[in-house]
Q: 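Can you read through this structure? Questions will come right after.
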Amino acid sequence: MLLGRTSGFDWDPFTEMQRMREDMNRLFADFPSSPATRIYPPVNLWLGENSIAVTAELPGLSAEEVDLTIREDTLTIRGERKPMEEAEQASWHRRERPLGAFSRTVSLPYRVDPDQVKARFQNGVLEIEMQRPEADQPRKIQISNQ
Amino acid sequence: MAQEVTTTRKRDVARTNGGEPSTAAPIYLPDTDIYETVDHIVLVADMPGVAPGDVDVTLERRVLTIRGKVPTEAHDGYKRLYAEYGEGDFERVFTLSEEVDRDHIEASHKNGVLTLKLPKAESAKTQRIEVKAA
């Protein structure tokens, strides 16, 4: 790629450097600024016959505080874990529970029907059940004996 | 104020009582916040999947034990394809260094989070001493 560019007359080392810097910025933009790089929330993926279920551990959140979006074969879980108000002035002994906004995108093994999604939230565990669209389901093909 | 008994910071805890395990499921350490206000010690523990009725809190002398049972749910017709968290019960033991008014402990459990409000005993509260001008 670089060779192809150098052979041209319009090759400019400064443009090339600029491009590289942009690439680097894009690469590091995805890194969270906080040192805690724990993937949040942790999810489990379950495979059924023509359906997928995703479960996520989201303790402390209610159904209204979680935002779910499905697009083709990706599922995005968004929300925020808010700090406790009275605790701000208190003295801390131990702080392990994650805080702050989160967004997690899970790629699913296949495209799902966005109209056939069931989501349940129980005791801090979110469960999302998705169906494979009728048209995408694998079909058995009869082989004729001729 | 509240010291944890187990020193390992692993999320999986080995059974401490040495007894025969009653379930095959592993036991996890819940992520816990502990903070102290003027007259309370507050302990907040994340126990996703635990129903309010399945939480067990015991305070024996200064040893506080929190336990949460996660129902072994059968995912009918589903195979686990990928897992980032394990399903199992929660257990954690703390030693409190301060006297707690054990008759007025408030415990609540909502959305998989256990909140314990431990009021400090009168003798343990910070006392303000009035200074008189001589």
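Below, read A as the first sequence line, B as the second, and so on, with proteins coming before strands; counting in each chain starts at 1.
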Q: Any non-hydrogen side-chain atom of B/L43 less than 4.5 Å from a side-chain atom of B/L64?
A: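 Side chain of B/L43 against side chain of B/L64, heavy atoms only: contact under 4.5 Å found.
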Q: Between A/S91, A/G124, A/G48, which shows the greatest number of heavy-atom pairs under 4.5 Å with chain B?
A: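 Among the listed options, the one with the most contacts to chain B is A/S91.
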Q: Among B/V113, B/L81, B/D46, single out the residue with the greatest number of heavy-atom pairs under 4.5 Å to chain A.
A: B/D46
Q: Which atoms of A/P109 are under 4.5 Å from chain B, going by heavy atoms: the side chain, the backbone, both sets, or neither?
A: side chain
Q: Taking atom types as modelled and ignoring hydrogens, do the side chains of A/E129 and B/Y78 form a donor-acceptor contact shorter than 3.5 angstrom?
A: yes
Q: Going by atom types alone, do B/Y35 and A/R94 pair a side-chain donor with an acceptor below 3.5 Å?
A: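 The criterion, which ignores hydrogens and geometry beyond distance, is not satisfied for A/R94 and B/Y35.
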Q: So do B/I66 and B/V55 actually touch side chain to side chain, heavy atoms under 4.5 Å?
A: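 Result no, sub-4.5 Å side-chain heavy-atom pair not found.
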Q: Highest number of heavy-atom pairs under 4.5 Å with chain A: which of B/V42, B/T115, B/V50?
A: B/V50
